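The structure appears below as structure tokens.
Chain letters run A, B, ... following the sequence lines, proteins first, then strands; residues in each count from 1. In this text, all values refer to a predicted model and were calculated from it rather than measured experimentally.
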Protein chains: 2
Amino acid sequence: MIAKMLDVVQFNSAGLIPAIAQQYDTGEVLMMAWMNAEAISETLRTGQVCYYSRSRTALWRKGETSGHTQRLIEMRIDCDGDTLLILVDQTGPACHTGAHNCFFRTIHADGNIDQT
Amino acid sequence: MIAKMLDVVQFNSAGLIPAIAQQYDTGEVLMMAWMNAEAISETLRTGQVCYYSRSRTALWRKGETSGHTQRLIEMRIDCDGDTLLILVDQTGPACHTGAHNCFFRTIHADGNIDQT
């Protein structure tokens with residue numbers, strides 16, 4: 001599995017690729033995080049989304065502590081092979097703040113940023 | 001404008017932040033590219049999406065050559081301040097391959113990758 005993926009997946013110099021998580025049925029963009037080859041393999045094998053935590057430098061099994069897991073529906077890769085889009089079924093909020101998704105702040109044209 | 005944004009926006013060591021482009025009315029995730037502070041400012045000022053091309057090391061005014069522009073509807077930033085979600089109105093295909101979005105390849109559970 002790894003060999004076939006590695007023909008296509010372009011990791012950055014740290015061995016990581018960004019993964020955009022989108023709720024499969026509503027289209028809501030939930031979050032963006034990073035995966036390494038092991039996280040991709042585990043996600044495909046188990047059907048539960050696993051990222052790589054850059055701060056903890058370790059695999060990050062989404063929801064392992066919070067219970068807010070992501071079930072993998074489909075994994076896609078872009079034209080350049082350097083970004084993943086993962087369609088998921090999110091349990092509970094995706095964001096550690098408790099928000100349903102991480103993108104709850106708007107940057108307005110004047111540069112002001114709010115929480116809505 | 002820059003000063004207010006810079007309080008929140010976390011650029012990487014190359015001065016860049018990933019920006020996920022989503023069609024505002026259908027929810028389709030179109031592409032992911034990168035912005036620097038100047039690209040963010042220009043996008044907010046003009047209402048037309050401008051990225052930073054890592055390969056050309058220059059501002060990349062989306063659609064300047066192809067005509068496949070992206071009109072900015074709303075710019076959002078995530079909880080950590082290190083990823084942008086831009087809601088856009090895409091003219092024509094978003095992908096340089098001619099596909100409407102860049103995520104037209106599926107990675108299957110067995111690691112095989114197809115074009116659908």
Side-chain angles (χ1 to χ4, degrees), chain A residues 1-9 12 18-23 25-34 40-41 43-47 54-55 72 74-87 94-99 101-113 116, chain B residues 1-9 12 18-23 25-34 40-41 43-47 54-55 72 74-87 94-99 101-113 116:
Chain A
M1 183 196 299
I2 294 288
K4 285 183 283 187
M5 284 196 312
L6 291 185
D7 290 342
V8 171
V9 180
N12 69 12
I20 303 160
Q22 183 180 32
Q23 175 66 29
D25 52 357
T26 66
E28 180 183 4
V29 175
L30 298 166
M31 57 181 285
M32 200 278 272
W34 297 79
I40 294 175
S41 294
T43 298
L44 290 172
R45 179 171 53 78
T46 65
R54 296 178 300 172
S55 56
L72 180 68
E74 188 173 350
M75 184 181 290
R76 294 189 191 155
I77 189 160
D78 76 347
C79 52
D80 297 326
D82 63 3
T83 305
L84 297 172
L85 175 65
I86 50 173
L87 304 178
C95 185
H96 75 285
T97 64
N101 71 67
C102 296
F103 298 98
F104 50 84
R105 294 187 290 180
T106 298
I107 303 180
H108 295 281
D110 61 4
N112 280 315
I113 298 175
T116 60
Chain B
M1 182 196 300
I2 294 287
K4 284 183 283 187
M5 284 196 311
L6 291 184
D7 290 341
V8 171
V9 180
N12 69 12
I20 303 161
Q22 182 180 33
Q23 176 66 31
D25 50 357
T26 65
E28 180 183 6
V29 175
L30 298 167
M31 57 182 284
M32 198 279 271
W34 297 78
I40 294 174
S41 293
T43 298
L44 289 172
R45 180 171 51 78
T46 65
R54 294 178 300 170
S55 56
L72 180 69
E74 189 172 350
M75 184 181 289
R76 296 190 189 155
I77 189 159
D78 76 347
C79 52
D80 297 326
D82 64 3
T83 305
L84 297 172
L85 175 66
I86 50 173
L87 304 178
C95 185
H96 74 286
T97 65
N101 71 68
C102 296
F103 298 96
F104 49 85
R105 294 187 291 181
T106 298
I107 304 181
H108 296 281
D110 62 5
N112 280 315
I113 298 175
T116 61

Please report the closest heavy-atom contact between B/Cys79 and A/His96, naming both atoms and the distance. SG-CE1, 3.7 Å

Using a 4.5 Å cut-off on heavy atoms from C-beta on, say whether the side chain of A/Met32 contacts that of B/Ile20. yes

When the 4.5 angstrom heavy-atom criterion is applied to A/Asp82 and chain B, the contacting part is side chain

Validation row: B/Arg76, A/Val29 side chains within 4.5 angstrom (heavy atoms): no

Heavy-atom contact with chain B under 4.5 Å, split by part of A/Leu85: both

Is it the backbone or the side chain of A/Ile107 that comes under 4.5 Å from a heavy atom of chain B, or both, or neither? both

Given heavy-atom pairs under 4.5 angstrom as the criterion, report whether the side chain, backbone, both or neither of B/Ile113 touches chain A. side chain

For A/Thr83, which atoms come within 4.5 Å of any heavy atom of chain B: side chain, backbone, both, or neither? both

Looking only at B/Pro18, B/Gly27, B/Cys102, B/Gly81, most heavy-atom pairs under 4.5 Å shared with chain A are made by B/Cys102

Reported CE-to-NE2 distance for the pair A/Met75 and B/His108, which is rounded to 0.5 angstrom: 12.0 Å

What part of A/Leu87 gets within 4.5 angstrom of chain B, counting heavy atoms only: side chain, backbone, both, or neither? neither

